[in-house]
Amino acid sequence: MTTTDITRSIDARGMPCPGPLMSLIGAIREGQVDDVIEVLSSDEGSRSDIPAWVSKAGHEMVEVVEDEGFAHFVIRKVK
Amino acid sequence: MSDDGSFSVVLFSGTDDKLQAAAVLAVGAAAMGRKVEIFLQYWALDAFRADRIMKDHGVAPEAGEEGLAAMVAQGKMHWSELFRQAKDLGDVQIHACADSMEMFHITQTDLDPLVDGVWGVASFFMAAEGPVTFI
């Protein structure tokens with residue numbers, strides 16, 4: 001797992017698409033630059049959608065770590 | 001975010017499954033910075049009436065009982081809430097087709113506030129860029 005300090009963690013496991021992405025977008029909007037947000041998602045769509053949105057929105061995809069039946073997405077708010 | 005062209009959709013069907021699918025597409029397009037233009041005709045327009053937007057609009061016949069059960073079990077947010085989120089995320093415009101409004105003898109006050117206005121078909125094509133999706 002990452003050594004980056006997580007500012008906020010969101011457990012979106014069990015949420016259908018596009019719930020986890022919407023939760024991330026909400027957290028990015030509310031957060032400060034350099035905040036590190038972790039999203040836990042079991043939604044298959046998140047695996048492609050979260051990195052795609054992060055890249056499009058100009059934030060940093062720190063890492064994606066697979067877990068049992070879900071994944072940890074760690075994102076840094078860049079702007 | 002930059003504008004990569006609009007996502008233009010005509011919503012014709014008024015069943016909850018199709019409206020749900022359209023709402024998810026609108027959220028995704030808005031999240032990716034696309035302008036979204038939605039035009040409501042016929043049964044989709046009827047589903048956006050303020051007094052019936054939350055009622056059960058059924059599902060397309062191909063869903064069958066099994067499909068309906070699967071959809072309910074997934075427990076998605078109601079499509080009207082997803083359209084609200086899409087509007088909050090980006091530039092998402094929803095217009096009612098003037099001709100369908102006439103058919104139902106309704107005015108904009110009969111519609112949910114999600115609907116931004118009433119347009120003729122030409123106005124929709126003026127705003128739409130690129131291909132138009134029909135659902």
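All figures in this text were calculated on a predicted structure; none of them were measured in a lab. Here is how names work: the chains are called A, B, and so on, in the same order as the sequence lines, proteins then strands, and each is numbered from 1.
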Inset, instruction - Look at the side-chain heavy atoms of Ile, Leu, Val, Met, Phe, Trp and Tyr, link any pair under 4.5 Å apart, and say whether A:I75 and A:M15 land in one connected group. - result: no
Inset, instruction - Residue by residue, scan residues 87-124 of chain B and write down, ordered by number, those that have a heavy-atom distance under 4.5 Å to chain A; if none do, write 'none'. - result: B:D88, B:L89
Legend entry - B:Y42 atom OH: more than 12 heavy-atom contacts under 6.0 Å: no
Inset, instruction - Spell out, yes or no, whether B:M54 and B:W43 are grouped together once hydrophobic residues are joined by side-chain heavy atoms under 4.5 Å, including indirect joins. - result: yes
Legend entry - Same apolar cluster (I L V M F W Y, side chains within < 4.5 Å links), B:V10/B:L25: yes
Legend entry - Close approach to chain A in residues 64-76 of chain B, criterion heavy atom under 4.5 Å: B:Q74, B:G75, B:K76
Legend entry - Hydrophobic cluster identity match, A:F70 and A:V65, side-chain contacts under 4.5 Å: no
Legend entry - Closest non-hydrogen atom pair, B:M32 against A:K56: O-CE, 3.0 Å
Legend entry - Same apolar cluster: A:M61 and A:I10, side chain cutoff 4.5 Å: yes
